[in-house]
2 protein chains.
Amino acid sequence: MDKPTIADVARLAGVTKGTVSHVYNGHRPISAATKKKVISAALSLDWSPNYNAQALAVQRANAVGIVLARDPSVLASDTFFPIFLSGVETVLAKHGVALVLQVVNGHEMECEAYRTMAQGRVDGVIVLDLSRNDYRIPLLKKLQLNAVLADSCNSSKDRGFSNVWVDDRAPIKILISHLLELGHRRIAHVSGPMQYVHSYERAQCYIETMGSGELLRTGDFTANSGVECTKDLLSSSNPPTAIIYSNDVMATAGLSYAQSQGFKIPEDLAVAGFDDDPISEHLNPPLTSVYTNAFKRGQITADRLLAEINGALPESVETEPSRIRFRASTGDR
Amino acid sequence: MDKPTIADVARLAGVTKGTVSHVYNGHRPISAATKKKVISAALSLDWSPNYNAQALAVQRANAVGIVLARDPSVLASDTFFPIFLSGVETVLAKHGVALVLQVVNGHEMECEAYRTMAQGRVDGVIVLDLSRNDYRIPLLKKLQLNAVLADSCNSSKDRGFSNVWVDDRAPIKILISHLLELGHRRIAHVSGPMQYVHSYERAQCYIETMGSGELLRTGDFTANSGVECTKDLLSSSNPPTAIIYSNDVMATAGLSYAQSQGFKIPEDLAVAGFDDDPISEHLNPPLTSVYTNAFKRGQITADRLLAEINGALPESVETEPSRIRFRASTGDR
DNA sequence: CTGTTAGCGCCTTCAC
DNA sequence: GTGAAGGCGCTAACAG
């Protein structure tokens, strides 16, 4: 029982393959009578067009790609990505476009992944975890692959790619001024790895606003690094009274560590996170965090990519600003 | 500047397309001299085989699929999936196989997703979130799609598919007997939705071991449902002294809620979770949880699927048993 | 060891 | 409105 092909349908319907093809993609008028014959033939054979053959003929994969160069432990700690992905999928689904996802480790594998994707496997890619001077940008250009970047500032600079960006400085600024109003003077920041634009932007804004990087520590988004940085900060001779973390996993781990050392939250130490993990609202105390519209951003990004695949020019679009969810860990609510 | 094809390479190397093809897939001996010519020609043109053309010719997509019918909020709360995925990807990557991921909502979309995947987009699928009497099983059979199921017991029953299963009852049994030893008599369980085999198996084992379902509550893996079920349990006239949750998000939310109500953990209430979220070890108190070998299971599952795609027969394989990480939330450590 | 020749299954231009 | 035929880029017999 081989799978039926378009020829089988054509034969059964008493028409040619071309006609069958056209009733399925509406590229030319078809009489109601033959349309009906064809459809019932296809139905009775349970036929639908073969993906690879179609892709080869029209030179379009109807798929987009995401390649993630991340350690599994970081992947698991990231609450942004799954929600972003859901957003992406909602719009892809509407257009019958699939997502091919590749998790790689190492530069080598990453390049290889983009290369094979460019070989007709996908029509474009979404680029996450952008770093400053990202080497993927020239690579993607060379591969002539449609791409949209998820950026943290409007750094379009004629890179030739769409970027869907959010102002990653704004929430830091708001958080700091809020903490200052509450009387905090020694405010620390536990950032992510500095090669990432989001981490860099946030840290840079932190330094500029505070006028010093004395209380800046660099983590790697894992719970462990959250604990380590917190330990380091709290054991100094002049410890902070507030810490802003660059994700909720580090914040939660840091918060618990502080509690275990006898710090009362928020009385002795105010804590804020980033990304608003679904659990954060339910911690004790509830964690103040930055809500980043991951779902919406996924949708916008996918929309942009599809537009570009369909011939639109690259464009830089700003997404909804992030909003702070103030909760008890900073003494709010 | 169109992309070069195999014909361009052949011409430049002074050989035929067939020869080029064979130096790239080693399906027959090639003299060192021509091999060299071909390779340098390919390199200079920056050519590599077009994915769709190759897939069409060999009738193989070199891709496998996963379709997830989940609400975004649940996706975000699930720490098992991303790690499982990483495991899957490590073995797929080794074989140059891609993963196509589809997040759908609703039965309709789910069927459609499997249907298009079966149309040559992938060579097989991994089936997660298995439910009892899963309607996808007959569907996949009809589609003649290779599939491996992630199961919670050895329910192979000649379904005609491989299943990679773990005993989901064992950890519940261990947890309960451990709590009994600690003196607990009123032990509650907050499960996931009962249609899932994993939730069902755990709940069923809980009922059998405890001899009653009085303290069983059904959640949906979200933080909110964790709070609601906990609230319900703790407000009863004869509340439990221990609660086992079916994932860490519900456990953490429940734990925090209990704390906020003045319960001391573990003195007044012992708490245990499932899946060992990276954050759980860093909570205050650290959360006892069931470590499920997600990464390893992903690897085994992918291995099985690839084997089957390459002609192996369906097979039921048991994975490493889950292990409990006893921590302070149950009075351990 | 290498060239030749059909396809893989679908789409699309050209005729009618 | 429909049929016929060529081609998308690659692989795999079949020859030699």
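Numbers restart at 1 for each chain; the letters A, B, ... are given by sequence-line order, proteins then strands.
How far CG of B:L143 is from CD of B:Q119: 7.5 Å, rounded to the nearest 0.5 Å.
Here C:dT12 presents its P atom at 11 Å from CZ of A:R60, a figure rounded to the nearest Å. Whole-Å rounding puts the A:L45 CG to C:dG9 P distance at 14 Å. As a whole-Å value, the separation of A:R28 CZ from C:dA15 P is 14 Å. The NE2 atom of B:H27 sits 16 Å away from the P atom of D:dC14 (whole-angstrom rounding). Put simply, CG on B:N50 is 8 Å from C1' on D:dC8, counting in whole angstrom units. Rounding to whole angstrom units, CZ of residue B:R121 and C1' of C:dC10 are separated by 15 Å. Atom OH of A:Y51 is separated from atom P of C:dG9 by 16 Å (rounded to the nearest Å). The distance from atom CG of A:L56 to atom P of C:dC10 is 12 Å, rounded to the nearest whole Å.
Closest non-hydrogen pair, A:Y135 versus A:C111, comes out as CE1-SG, 3.9 Å.
The residues A:D46 and A:K3 are annotated as not salt-bridged, no charged nitrogen and carboxylate oxygen being separated by less than 4.0 angstrom. A salt bridge links B:R136 and B:E110; the closest N-O separation between the charged side-chain nitrogens and carboxylate oxygens is under 4.0 Å.
For A:S21 and C:dC11, the shortest distance from a side-chain N or O to OP1 or OP2 is below 4.0 Å. Neither OP1 nor OP2 of D:dC8 sits under 4.0 Å from any side-chain N or O of B:T5. Contact annotation: A:T34 side-chain N/O to D:dT2 OP1/OP2 distance is under 4.0 Å. In this model, the phosphate group of D:dG9 is not approached by any side-chain N or O of B:Q54 to a distance below 4.0 Å at OP1 or OP2.
Comparing B:K17 and A:T19 along DNA chain D, the residue whose closest nucleotide (by nearest heavy atom) sits nearer the 5' end is A:T19. The residue among B:G14 and B:Q59 whose nearest nucleotide of DNA chain C is located toward the 5' end is B:G14.
Side-chain proximity of A:V15 to the nucleotides D:dG3, D:dT11, C:dC1 is greatest for D:dG3. The nucleotide whose nearest atom lies closest to any side-chain atom of A:N25 is, among D:dC10, C:dT12, C:dC10, C:dT12.
Between the side chains of B:R60 and A:N52, not a single donor N or O lies within less than 3.5 Å of an accepting N or O.
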